[in-house]
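Below is one structure, written out as structure tokens; comments come after it.
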Amino acid sequence: MQKNNSSKFYGFLIITLAFIGLPFLLSEYHRDVAITLLINFILVSSFRLITTMGGWSLAHIPLMGLGAYTSAILTRYYGWPFWITLPTGGAVAALISWVMSFPLVRIKGFAFFIASFAAGEAMRLAWTRIRYPFGGHRGIVMIPVPNEIIIPGLFSINFYDSIPYYYLTFLITGVSLIILYRIDESRIGYTLKAIEMEDRIVNSVGIKATQYKMISFVIGAFFAGIAGVVFAHRYQSIDPSAFGFLTTLYLIVWVLFGGTKTFIGPLLGVTVLTIVQILLRNLAEWLPMVYGFILIVTVLFLPEGLEGLPRKVRKLWKLYNPKVK
Amino acid sequence: MIEKYFLNVEGLFKSFGKNLVVHDIDLKLEQGEIRGLIGPNGAGKTTLFNLISGFLTPNKGKIVWQGKNITGSAPSTIVKNGIARTFQLDVLLKDMTVLQNVLIGHHLHVNIGVIAQLLGLGKVKEKEKEAMRMSLELLEFMGLLELKNEIAGELPHGHQRSLGIAIALATEPKLLMLDEPITGMNSVEALNTMKKIKCLREKGITILIVEHNMRAVMSTCDKLTVINFGQKIAEGPPENVCENSLVIEAYLGSPDDEDDLILC
């Protein structure tokens with residue numbers, strides 16, 4: 001147990017250091033990919049929190065968009081600083097998801113897919129249809145980057161550059177992941193898993209399952225909103241198509257490919273698939289097909305995702321080396 | 001009027017479609033007794049359990065618990081009031097360890113609001129520690145302490161049953177309803193479990209058991225209630241109930257249960 005913990009800690013340390021050093025090793029293009037990857041870390045981890053209670057929400061990406069739109073409108077038209085719109089974007093996504101959760105947590109399985117999809121699409125349609133302040137199809141452009149941090153006489157940080165923005169994203173992602181990890185390891189995390197496993201037991205020991213489902217949905221949406229804000233201020237323009245079903249599909253493939261049993265699974269999934277995406281940079285139009293193929297292969301051969309791979313390999317190893325015990 | 005009974009079920013009706021499963025059942029429990037609920041398969045025993053524990057809502061009738069009407073309350077409310085139950089099948093958190101199962105059972109003890117838990121406010125850590133200590137005690141009592149890190153779904157049947165009881169006990173109930181607690185156990189395990197049930201009564205927990213094993217029921221229960229086709233056909237001390245012609249008829253009516261009659 002002790003050994004396991006310390007190896008976990010070193011693993012965590014190495015990965016953190018790697019991410020701190022990363023931008024200096026990368027080209028400008030790859031730095032952008034790294035920023036997107038960090039944003040996607042928040043997305044998949046918050047999405048996993050929702051899946052632990054058994055619901056694969058199709059409204060997650062639109063809720064991310066809600067955070068993005070909130071921050072874009074507030075900074076662009078009302079001059080709010082990024083540092084305030086960042087939590088505000090998360091809070092608005094959380095608030096709307098709280099309203100959505102009243103019907104959503106009371107339905108299960110297929111109906112949950114459809115209902116969450118409809119709720120997300122309704123939001124997206126509103127952005128498309130309403131010219132002010134959402135900007136219709138064209139969305140919002142010229143979203144300001146986060147305000148410069150100036151300490152007179154010492155230094156100033158300008159977030160137009162990719163390296164400062166990378167570290168900003170790194171910080172936000174780090175804090176988000178730590179919070180999400182702590183929730184996962186807490187009684188709340190266990191309770192959510194228990195709800196998915198056997199709701200009769202959960203009911204019989206006095207747990208209000210719907211309350212817990214709501215909480216996971218709302219917290220998940222909060223972090224989706226945060227991811228949306230970070231996304232909007234990097235690309236400085238957003239439009240409804242960025243938060244469409246294709247992105248939702250990518251999210252699902254990342255998470256399925258990584259596996260949802262462990263905290264690290266979805267992070268692993270999105271990392272590997274991002275690398276695949278970089279390798280297939282010249283075949284961008286084919287990407288949806290590649291993703292579809294990966295999805296099928298995952299469901300068929302790796303139902304537990306990447307995180308289930310070591311167990312599978314061990315099993316095969318035993319099969320071919322029956323003498324080794 | 002002061003309620004005389006610990007649990008008072010009056011004129012309970014429940015139907016599924018056209019099937020009347022529970023038909024005008026009265027059940028009055030006194031504090032500290034062990035009551036057996038018996039009857040042939042499909043007599044409506046489990047439905048009655050589900051009605052009392054709030055998993056089903058009766059069509060008619062009322063359930064009064066310590067003078068408080070709890071008819072139609074949610075299961076989580078009922079267990080908060082002190083009525084815990086186990087399940088007939090091996091309903092457990094199968095992918096979790098034995099210890100985690102019992103820790104989840106301590107929800108009511110730790111429960112200080114989700115927000116407080118998120119922020120780590122107040123006595124969260126202290127309460128968790130207490131829950132851990134109590135869980136280990138409970139596992140020791142049920143004889144599962146050595147198995148605490150095993151995955152619940154991989155345990156043998158008998159142990160799964162014991163774990164089910166441990167989860168229910170974790171809610172610190174005043175009334176414990178056991179649905180076939182010793183089915184699937186060998187005779188030694190069954191004997192042990194029945195001993196433990198008596199021990200729980202000594203601790204002041206009132207017990208209601210549904211069980212097919214007549215010998216176990218006879219030797220443990222103070223009083224038996226027999227139901228058939230959703231109706232109560234007899235009630236009283238085990239010896240008397242056993243001689244009741246209606247009961248004998250009910251059991252002879254289904255050849256599967258002949259063994260039970262011989263045991264009786």
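Letters A, B, ... are given to chains in the order of the sequence lines, protein chains preceding strands, and every chain is numbered from 1. Just so we're clear, the structure is a prediction, and the values are computed from it rather than from any experiment.
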What part of [X] is in contact with chain B, defined as an atom under 4.5 angstrom from a non-hydrogen atom: side chain, backbone, both or neither?
X: A/S204; answer: both
X: A/I183; answer: side chain
X: A/I215; answer: side chain
X: A/I219; answer: side chain

Between [X] and chain A, which part of the residue has a heavy atom less than 4.5 Å away: side chain, backbone, both or neither?
X: B/K94; answer: backbone
X: B/L103; answer: both
X: B/A131; answer: side chain
X: B/T171; answer: side chain

Exercise for the section: Tell me, out of B/P75, B/G164, B/G54, B/A84, who's got the most heavy-atom pairs with chain A below 4.5 Å. Expected result: B/P75
Handout entry: For B/E180 against B/R161, the heavy-atom pair lying closest together
Key = O-NH1, 2.8 Å
Handout entry: Pair B/T97-B/N149, side-chain donor/acceptor within less than 3.5 Å
Key = no
Practice task
Quickly, which of B/H106, B/H109, B/K125 forms a side chain to side chain donor-acceptor pair (under 3.5 Å) with B/E130? Name it, please.
Solution key: B/H109
Exercise for the section: Answer yes or no for A/R106 and A/F102: cation-pi contact, defined as NZ/CZ to six-membered ring centre under 6.0 Å and angle to ring axis within 45°. Expected result: no
Practice task
Run the ring-centre check on A/W56 versus A/F47 and record whether the distance is less than 6.0 Å.
Solution key: yes
Handout entry: Pair A/Y212 + A/F217: ring centers closer than 6.0 Å
Key = no
Problem - Residues A/E304 and A/K261 bridged, charged N to O under 4.0 Å - result: no
